[in-house]
There are 2 protein chains.
Amino acid sequence: MAHQTVGYPPGLPDDPHAHVEVPTPACPVEITLAVLQGRWTTLVLRELLRGGRAYSELRQALPKLSDKVLSDRLARLCALGIVERDRRAGWPPQVHYALTTRGQRLGPVLQAMWDWGVQGADRSTESRS
Amino acid sequence: MAHQTVGYPPGLPDDPHAHVEVPTPACPVEITLAVLQGRWTTLVLRELLRGGRAYSELRQALPKLSDKVLSDRLARLCALGIVERDRRAGWPPQVHYALTTRGQRLGPVLQAMWDWGVQGADRSTESRS
DNA sequence: CTGAATCCCTGCCGATACTG
DNA sequence: CAGTATCGGCAGGGATTCAG
């Protein structure tokens, strides 16, 4: 099934993905979650949302991030069509990374998560259905 | 650091969380991601967004989900103030689960993820910064 | 009915060292 | 500079079993 009714407390529109019963790529939310999953992934995306960066610049921005994980994240995001790799000729060799337009569309998603994280600090209100 | 600039391609507003360099609870996006992380979590939330459910109803809706994981998810979401537990007297013993208002605020987040997952199917467009 | 406890296994993440 | 190779530790998740 899928998370289609999200945002509609009582009533829910019909959606072909609305009956997913297992966490598979069939559910759009799971797809997005799969992209975002993995430690450091969102931090890398944040950096790239601020503009394209060279590998060394990313390393500099995220000092605690090892080569292996950074490479893994970038390779995975490239494979997913989120990030684009640009190997530039010359010396020293440099590789530039930038978000594809598909990747840039993740902006609103991260923004929504940001907003919830900020206001979520207060857990004062409660309600039941 | 944090993902504050999310959604603002070139320019980025100043934010105290904007300089997080390690994935810690200091970043709102990481907070939200932590809440959503874990297999099955979003599926459980989807079910609850459609209205409060009894434990048995959740099990029925997610047949492939084991008791342990469902219990873990619910307990964790309760601890986070996302879900509220309502132990009802009588026989057979039944426990009702519902989202708190804080939990319901996750609706827009999942909606954004849903939207991206749906349109993300096409990776035709690309661009560089 | 509703969970908590236990066991095992898998995959991720980090550190280190090495190559084009 | 920009990665890849390898190894080990550890936490997450599934199945099964037991308890309130």
Side-chain angles (χ1 to χ4, degrees), chain A residues 20-25 27 30 33-45 47-48 52-80 82-98 128, chain B residues 20-25 27 30 33-45 47-48 52-80 82-98 128:
Chain A
V20 181
E21 291 172 350
V22 179
T24 61
C27 174
E30 290 295 325
L33 204 61
V35 168
L36 264 31
Q37 259 170 7
R39 210 148 108 95
W40 295 100
T41 302
T42 55
L43 295 186
V44 172
L45 287 175
E47 288 302 319
L48 292 175
R53 302 293 184 86
Y55 183 88
S56 57
E57 292 173 327
L58 290 173
R59 288 231 52 187
Q60 202 170 8
L62 275 20
K64 303 298 186 64
L65 179 52
S66 71
D67 275 328
K68 178 195 175 182
V69 177
L70 178 53
S71 297
D72 285 352
R73 294 294 173 271
L74 289 171
R76 190 158 144 276
L77 292 173
C78 281
L80 290 168
I82 308 295
V83 167
E84 194 177 30
R85 176 178 301 176
D86 178 15
R87 181 170 259 113
R88 300 187 168 176
W91 195 262
Q94 190 170 336
V95 182
H96 199 79
Y97 292 92
R128 65 196 62 203
Chain B
V20 181
E21 292 173 350
V22 179
T24 62
C27 174
E30 290 295 326
L33 204 61
V35 169
L36 265 31
Q37 259 171 6
R39 211 148 108 96
W40 295 100
T41 302
T42 54
L43 295 184
V44 172
L45 287 174
E47 288 302 319
L48 292 175
R53 301 293 185 86
Y55 184 87
S56 56
E57 291 173 327
L58 291 172
R59 287 230 55 185
Q60 202 171 10
L62 275 20
K64 303 297 187 62
L65 179 52
S66 70
D67 275 327
K68 177 198 175 181
V69 177
L70 178 54
S71 298
D72 285 352
R73 293 295 173 269
L74 289 171
R76 190 158 144 275
L77 291 173
C78 280
L80 290 168
I82 308 295
V83 167
E84 194 176 31
R85 175 178 304 180
D86 179 15
R87 180 170 258 112
R88 299 186 170 178
W91 195 262
Q94 190 169 338
V95 182
H96 199 77
Y97 292 91
R128 65 197 63 203

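Within every chain, numbering begins at 1; the chains are lettered A, B, ... in the order of the sequence lines, protein sequences first and strands thereafter.
Contact annotation: Arg87(A) does not reach the phosphate of dC1(D) (side-chain N/O to OP1 or OP2, under 4.0 Å). Of the side-chain N and O atoms in Tyr55(B), none sit less than 4.0 angstrom from OP1 or OP2 of dA4(C). For Trp40(A) and dC12(C), the shortest distance from a side-chain N or O to OP1 or OP2 is not below 4.0 Å.
Residue-to-nucleotide proximity on DNA chain D shows that, of Pro93(A) and Ala75(A), the 5′-proximal contact is made by Pro93(A). Place Ala54(B) and Val69(A) on DNA chain C by their nearest nucleotides, and Ala54(B) ends up nearer the 5' end.
Here Arg73(A) lies in heavy-atom contact (under 4.0 Å) with sugar-phosphate atoms only.
Between Arg76(A) atom CZ and dC12(C) atom P there is a gap of 9 Å when expressed in whole angstrom units. Atom C1' of nucleotide dG3(D) and atom CG of Leu65(A) are separated by 13 Å, given to the nearest angstrom. Remark: P of dA4(C) and CZ of Arg59(B) are 13 Å apart, rounded to the nearest angstrom. The nearest whole Å value for the distance from the NE2 atom in His96(B) to the C1' atom in dT2(C) is 15 Å. With rounding to whole Å, Leu74(B) atom CG is found 14 Å from dC1(C) atom C1'. Between Gln94(B) atom CD and dG20(D) atom P the separation is 21 Å, expressed in whole Å. The separation between Asp72(B) atom CG and dC7(C) atom C1' is 14 Å, rounded to whole Å. Counting to the nearest Å, the C1' atom of dG3(D) and the CG atom of Leu70(A) are 9 Å from each other.
Side-chain atoms of Pro92(B) lie closest to dC1(C) of the nucleotides dC1(C), dT6(C), dG3(D). Picking from dT2(C), dG14(D), dA2(D) the nucleotide with the shortest atom distance to the side chain of Val95(B) gives dT2(C). Here the nucleotide nearest the side chain of Ser71(B), chosen from dG13(D), dA4(C), dC13(C), is dA4(C). In the set dG13(D), dA4(C), dG3(D), the nucleotide with an atom closest to the side chain of Tyr97(A) is dG3(D). Closest to the side chain of Ser66(B), out of dG14(C), dG20(C), dA15(D), is dA15(D). Nearest nucleotide to the side chain of Asp67(A), out of dT4(D), dG3(C), dA15(D): dT4(D). Listed nucleotides: dG13(D), dA4(C), dT6(D). Nearest to the side chain of Lys68(A): dT6(D).
For the pair Tyr97(A) and Glu84(A), the minimum side-chain heavy-atom distance is 4.5 Å or more. Side-chain contact between Leu65(A) and Leu43(A): absent, with no pair of heavy atoms (C-beta onward) separated by less than 4.5 Å. Side-chain atoms of Val83(B) and Val44(B), non-hydrogen and from C-beta on, never get closer than 4.5 Å to each other. At least one side-chain heavy atom of Leu70(B) sits less than 4.5 Å from a side-chain heavy atom of Leu74(B). The closest side-chain heavy-atom distance from Thr41(B) to Val35(B) is not below 4.5 Å.
With no hydrogens or angles considered, a side-chain donor-acceptor pair links Glu30(B) and Thr42(A) at under 3.5 Å.
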